[in-house]
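Presented below is the structure to which this report refers.
Chain naming here is simple, since letters A, B, ... match the order of the sequence lines and numbering starts at 1 in each.
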Protein chains: 2
Amino acid sequence: MTTITARERLINAAVEAFAEKGFAATTTRDIASRAGMSPAAVYVHHDSKESLLFTVSLQGHRNALDIINRAAAASTDPVERIRIMVYEFSLWHAMHSRVGRIVQWEYHALTPEHRAEVAAFRRSIEKTMQDALTDGVEHGVLDVADIPGTAFSLLSLGVDLVRWFEPGGSRSGAELATLHADLAVRMTSAR
Amino acid sequence: MTTITARERLINAAVEAFAEKGFAATTTRDIASRAGMSPAAVYVHHDSKESLLFTVSLQGHRNALDIINRAAAASTDPVERIRIMVYEFSLWHAMHSRVGRIVQWEYHALTPEHRAEVAAFRRSIEKTMQDALTDGVEHGVLDVADIPGTAFSLLSLGVDLVRWFEPGGSRSGAELATLHADLAVRMTSAR
DNA sequence: GCATGCTAAGCAAGCGCTTAGCGCGCGTCC
DNA sequence: GGACGCGCGCTAAGCGCTTGCTTAGCATGC
């Protein structure tokens, strides 16, 4: 059994609140009460509301990059690699749509320093996808004219899930991830 | 020469502010000063901050639906129709990324009544895209297993532009729209 | 008997929105 | 055609409330 510290309870409460109402519309009193604590308790464990956002955002970026990197290493066949990368990236955004929403929509609410820090993760995610496309083109099994643009579009499919996906809806995350993966293969494979 | 009324100047100021900082982080004083007026002037022409958001959102939804409908009528060939629809939808989101951002990101900040009103436009946009796919499948020139899911994904490409697109960036709106249209044809056409 | 983890209370600032009233352009009248 | 008055578009001031965050202090476990 893992013990959940007060600090972590506050982070979880912040994820709920930020995803539901947005960073600017969330009050520190709301976060505290979701964690079952007094408003002042937030500042015992975190420096500011923004630093709480940064903690969530950084963790989310780390996870997303990890998912993409593992997926890229899961197959040596370029077509299958793209399929797996898009599948896993979309699945992650569906399964973690609340964190994903914070990562994607509250990017601008970070301080410039914090924003720069997570921007590095974003570039890394894009590069991994671009490298996978480049490799496939060089092996002659993928046909992609615009590699950066196509890489971005493949990631967009997953990212856009956080705008509307809710667990328990009419379509499961796995179903949508499979759809995206199929579309990705059609978009990129040579014929 | 068209005369810009004070009401319209406030709407334009609200578009700038909401797109830049988000609805919740925007103050009515900010909107007023961008329009070169006093804080109270906002309430001479608009009922509330939310009604200003609704005005912007409704206008944006109307325009987007109009764009999709015109594009759907622009060709009788199902493949070309999809190409044009995706091109125009993505182009609109690039050229109007500030309004698009408000339409997409501030949807939840509307009152339930206003949200229901714009939701009808969203369903209509999705239906137009689904109908175009269905027509192409029936004519045997498109091959789409999951019509609602694919329609949504095609629209996602355009919608996701508002998350990051800025005029004057390294890629033009037309360039991105062409890319999306090409990808859309590959995703849907029978071979 | 003291550090740790928390709370009650509150501060300064800023919020959406209201109220009371000012100035100016325009139609009206002698 | 000049004086007048009225209504429209706007502003100065501010009300009641909420915000992020701080401070002082209390209970609990070692």
Check the distance between [N]'s [atom2] and [X]'s [atom1] and give it to me in whole angstrom.
X        : N       : atom1 : atom2 : answer
Arg9(B)  : dC10(D) : CZ    : P     : 7 Å
Asp47(B) : dC17(C) : CG    : P     : 10 Å
His46(B) : dG16(C) : NE2   : C1'   : 15 Å
Glu8(A)  : dG5(C)  : CD    : P     : 14 Å
Leu10(B) : dT11(D) : CG    : C1'   : 14 Å
Asp30(B) : dG14(C) : CG    : P     : 14 Å
Arg7(A)  : dT4(C)  : CZ    : P     : 17 Å

**Asked** Checking all strands, does Thr26(A) fall into the base, sugar-phosphate, or nothing category for heavy-atom contacts under 4.0 angstrom?
**Response** sugar-phosphate
* Going through the distances and angles, do Phe152(A) and Trp164(B) end up as a ring-ring contact (aromatic ring centres under 6.0 Å, His included)? -> CA-CA 11 Å; Phe152(A) 208 96; Trp164(B) 59 274; 4.9 Å; yes
Would you indicate whether Asp131(A), at its atom CG, is surrounded by more than 12 heavy atoms from other residues, nucleotides or ligands within a distance under 6.0 Å?
yes
- Message: Tell me if the CZ atom of Arg171(A) is crowded by more than 12 foreign heavy atoms within 6.0 Å.
- Response: yes
Minimum-distance nucleotide (side-chain atoms of [X] versus [options]):
X        : options                   : answer
Ser48(A) : dT18(C), dG20(D), dC21(D) : dC21(D)
Lys49(A) : dC15(C), dC10(D), dC21(D) : dC21(D)
Met37(A) : dT7(C), dT19(C), dG16(C)  : dT7(C)
Ala40(A) : dC21(D), dT22(D), dT11(D) : dT22(D)
Val44(A) : dC17(C), dC10(D), dC6(C)  : dC6(C)
Thr28(B) : dC17(C), dC21(D), dC10(D) : dC17(C)
Tyr43(B) : dT11(D), dG16(C), dT23(D) : dG16(C)

Item to check | Any His45(B) side-chain N or O less than 4.0 Å from OP1/OP2 of dC10(D) | outcome: yes
- Task: Kindly say whether, by distance alone, the side chain of Arg29(A) makes a donor-acceptor pair under 3.5 Å with the base of dG20(D)?
- Result: yes
Is there a side-chain contact between Arg70(A) and Asp66(A) (heavy atoms, below 4.5 Å)?
-> yes
Contacts of Ala41(A) and Pro39(B) projected onto DNA chain C by closest heavy atom; the upstream (5') one is Ala41(A)
* Please determine, by modelled atom types, if Thr188(A) and Asp143(A) share a side-chain donor-acceptor pair under 3.5 angstrom. => no
